[in-house]
Structures are given as C-alpha cells and as structure tokens.
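Remember, predicted model here, so these are calculated numbers, not experimental data.
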Amino acid sequence: MDLSTATNPETETVEVEATEVETPDEQPLEDEAEAPEGEEAPEEEEELDIDGNPLKVKKSLAEKLKARMMMQADYTQKTQQIAEQRREYEAQRQAFEAEQETRQALFNEEAQLHTIRQRLSDFQNVNWQQLAAQNPQQALAAQAEYTQLRDYHDRLNGHVEGRKTELAAAREKETSIAREQAMEVLSKPDPELGWDGKFDVEKARALTEIGTKLGYSNEELMAANGDHRAAKVLNLARLGMKYLEAQRKAPQRPAAEPAAKVPAAKSQAYPRNPEDMSMPQYVAARKAGRIK
C-alpha cells in the first residue's frame, strides 16, 4: 500500500458552470412599454384655432405658430391703422383741393358779376323813349344788350350764391369735425394743465366770460370753439383769476411790529485821578485794569 496515496488521496476536480442570476431590479417590468430602439417617444400635441378651424400640431410647432400668428395680427392691425390714416389724409386733401377750386371759381364769378353790374348801372340813366325816337336801331341794340346782361347777371348771381352756400356747408362740416375731436380730447383729464376732463355748458360759459375779459371778440371766441388748446389756455386763465380773487378776499395779516431795541448800557464815567474815586469806583477800576 502506498502511504502517499493513502494520506493524500487524489480528488477529482469538478467544474461547475456558473449561471447568471437576474436580480429583481434588473428584470424588465411587464407593464412598461419599451420603445423600439432608435425611435423617440411621440411629442405632445396642442390644438390651435387657425382661421376658425381647429388643428392639432406638435407642441414645439404650436409655440412657433402662435408667435407667428401674434406677429401677423400686430402687422395687420398696424397696416389697417396706416390705411385708415391714408384714407383720412386723402379725404382731407381732396376736400382741401375742392374747396380751393370752389374759392377760385367764386372769385372769378364775383369779378364777372361786378363788371356786369357796372355795365347794367350804365343803362339806368338811359331814356329809352327818347333813344328810340332819335335812333331806333341803337335803341333796339341797347335794349337787347341790357336784356342779355340782366339775364346773365341773374344766372351768374345764382352760381355765386350757390358756391357761397357750398363753402359755408364745407366750413360747417369742418367745424363740426374739429368740435367732435376737441370734445374727445377735453373729455380726458389733464392734471398737468389743471383740466378736470369736464366740458359742459357751465364750463363753456365760464371760459367765454374769461375770454371776453381778456379782450377776445365773439368772432374770435367762436373761431376757437373747436380748438381744445384754446379751451385749456382759457381754463388756465380762469384758474389764475380765481386764485387772484381769493387772494384779494383773504383777510390781511397785520404787519409785524419791529422788535424793541434794547438800549445799550451806558458806560460809567470814572474820574481819572484815583484819589477822586469812591471806594466802589476804585475797586471797579482796578478790576478793569485801568489802575495798576
């Protein structure tokens, strides 16, 4: 028997194949839906109203669309404002040109009317019977000219009166528009200029009285009726005069009396010779250093 073999028996080495055991944390959940590799999760959508039609788009695109829609709305609003201003300017320009043409035509017609009236005045002193007896042909020509001038005068005078009425209506319309614009401005308070935002009959009467006191005529006040600047200036004058009136009516404070002056102490006269001084005078002189 081999002792080495007995004491150190050879043992077979058994190789055990290791198997991986999955832990609970590493196990995939059955409830989770795994996205296929290489694909992203679908993006959230948002519903937008595009010209009255609902439309669902991705949220990132919706933000861009909303910003673009806001820019477009702002641009549209500004474009409409500019177009409205252009229309107003064009209307004002056309009204101005029409007024100038009417005024020029009125000037020419009034000049013609003046000439015709002067010519008609020459016929007032004509003795038609005598002229017909002396020169019948001349009388007939003069009568025809007079009739023609008179008829033309009547027609031209009608044109002149019509143009005056047209200009007056245009001026009234402009005044009405200016008055409406002035009322819109005057309905808003302006504390910096002392305007309270009220323009009623009483305020208008008070401003008219102030304007009259300042020397404005009725025609000038009527012309300034549609000017909000004139109203605010007159209101400032009204407030200033009201303040001055209050100052005049305020009780006057009595003038302060000057403070009584305290008479300066008179310096006592001491004899120069110490022998002539009394004892108090001598002591005072020694203290003052006049006597050593």
Side-chain angles (χ1 to χ4, degrees), residues 84-186 199-201 203-235 237:
E84 182 65 25
Q85 292 175 357
R86 287 179 177 176
R87 284 193 294 268
E88 292 179 359
Y89 170 77
E90 184 64 21
Q92 292 176 359
R93 185 187 65 82
Q94 293 179 359
F96 176 77
E97 291 181 354
E99 182 179 353
Q100 293 303 312
E101 292 177 359
T102 302
R103 289 186 179 277
Q104 184 63 40
L106 178 61
F107 176 81
N108 295 334
E109 289 174 351
E110 284 183 332
Q112 295 178 17
L113 194 61
H114 178 72
T115 302
I116 293 173
R117 285 173 178 172
Q118 285 184 336
R119 181 57 181 155
L120 287 174
S121 63
D122 296 338
F123 288 97
Q124 293 180 357
N125 298 324
V126 174
N127 190 336
W128 295 103
Q129 293 180 356
Q130 183 179 358
L131 181 61
Q134 295 176 355
N135 192 339
Q137 292 182 354
Q138 184 180 0
L140 290 175
Q143 186 68 34
E145 181 183 0
Y146 172 78
T147 303
Q148 184 179 4
L149 287 174
R150 185 187 58 190
D151 294 341
Y152 185 66
H153 171 272
D154 294 342
R155 292 195 303 270
L156 188 59
N157 187 64
H159 282 285
V160 168
E161 294 300 326
R163 294 192 188 279
K164 288 181 178 180
T165 302
E166 181 181 351
L167 288 174
R171 180 60 59 186
E172 180 63 25
K173 182 178 180 181
E174 292 177 2
T175 303
S176 178
I177 294 175
R179 188 180 295 110
E180 291 178 1
Q181 294 175 348
M183 289 299 296
E184 183 178 357
V185 175
L186 295 176
F199 189 71
D200 50 10
V201 177
K203 180 70 70 64
R205 183 188 62 79
L207 297 184
T208 302
E209 290 181 357
I210 293 298
T212 303
K213 289 181 180 180
L214 293 176
Y216 286 97
S217 63
N218 293 332
E219 291 77 11
E220 291 173 333
L221 292 174
M222 288 297 295
N225 190 20
D227 191 349
H228 62 89
R229 299 168 300 178
K232 290 185 178 182
V233 169
L234 290 176
N235 186 63

Checklist outcome for this item: In this structure, CG of Asn108 is separated from CG of Leu156 (nearest 0.5 Å) by 10.5 Å
Checklist outcome for this item: Here the pair of heavy atoms bringing Ala139 nearest to Trp128 is O-CZ3, 4.0 Å
Checklist entry - Measuring from Lys232:NZ to Leu207:CG, what's the distance to the nearest 0.5 Å? => result 12.5 Å
Checklist entry - Can you list the residues that meet the side-chain hydrogen bond (donor to acceptor under 3.5 Å, both in side chains) rule with Asp227, with sequence neighbours excluded? => result Arg229
Item to check | Nearest-0.5 Å distance that lies between atom CG in Leu167 and atom OG1 in Thr102 | outcome: 5.5 Å
Item to check | Selection residues 132-157 - residue pairs positive for salt bridge (charged side-chain N to carboxylate O under 4.0 Å, His left out), sequence neighbours left out | outcome: Arg119-Glu145
Checklist outcome for this item: residues 141-165 vs ring-ring contact (aromatic ring centres under 6.0 Å, His included), sequence neighbours excluded, gives Phe123-Tyr146
Next on the checklist: Surrounding CD of Gln100 (heavy atoms of other residues, nucleotides or ligands, distance under 6.0 Å), is the total greater than 12?
Outcome noted: yes
Item to check | Residue pairs involving residues 86-110 (criterion ring-ring contact (aromatic ring centres under 6.0 Å, His included); sequence neighbours excluded) | outcome: none
Item to check | Nearest atoms (heavy-atom pairs only) where Ala231 meets Leu186 | outcome: CB-CD1, 4.0 Å
Next on the checklist: With rounding to the nearest 0.5 angstrom, report the CZ to CD distance, Arg103 to Glu99.
Outcome noted: 4.5 Å
Item to check | Partner residues of Asn125 under the side-chain hydrogen bond (donor to acceptor under 3.5 Å, both in side chains) criterion, sequence neighbours left out | outcome: none
Checklist entry - Can you name the residues that form a side-chain hydrogen bond (donor to acceptor under 3.5 Å, both in side chains) with Arg205, not counting sequence neighbours? => result Glu202, Glu209
Checklist entry - Can you find a heavy atom in the side chain of Asn157 that is under 4.5 Å from one in the side chain of Ile116? => result no
Could you tabulate the donor-acceptor pairs under 3.5 Å formed by side-chain atoms of residues 172-184, not counting sequence neighbours?
unit_1 : atom_1 : unit_2 : atom_2 : d
Glu174 : OE1    : Arg171 : NH1    : 2.9
Thr175 : OG1    : Arg171 : O      : 2.8

Next on the checklist: The criterion is side-chain contact (heavy atoms from CB on, under 4.5 Å); which residues satisfy it with Glu110, sequence neighbours excluded?
Outcome noted: Leu106, Val160, Lys164
Item to check | More than 12 heavy atoms of other groups within 6.0 Å of Gln118 CD | outcome: yes
Item to check | Minimum heavy-atom distance Leu221-Gly211, with the two atoms named | outcome: CD2-CA, 4.1 Å
Next on the checklist: The criterion is salt bridge (charged side-chain N to carboxylate O under 4.0 Å, His left out); which residues satisfy it with Glu88, sequence neighbours excluded?
Outcome noted: none
Next on the checklist: Taking the side chain as everything from C-beta on, heavy atoms only, tell me whether Val126 gets closer than 4.5 Å to Gln143.
Outcome noted: no
Item to check | Where at least one partner belongs to residues 131-144, residue pairs that pass salt bridge (charged side-chain N to carboxylate O under 4.0 Å, His left out), sequence neighbours excluded | outcome: none
Checklist entry - Can you name the side-chain hydrogen bond (donor to acceptor under 3.5 Å, both in side chains) partners of Gln94, sequence neighbours left out? => result Glu90
Next on the checklist: Looking at Arg93, I want to see if its CZ is surrounded by more than 12 non-hydrogen atoms of other residues, nucleotides or ligands under 6.0 Å.
Outcome noted: yes
Checklist entry - Could you give all pairs that pass the side chain to side chain donor-acceptor pair (under 3.5 Å) test and reach residues 132-142, with sequence neighbours left out? => result Asn135-Gln138
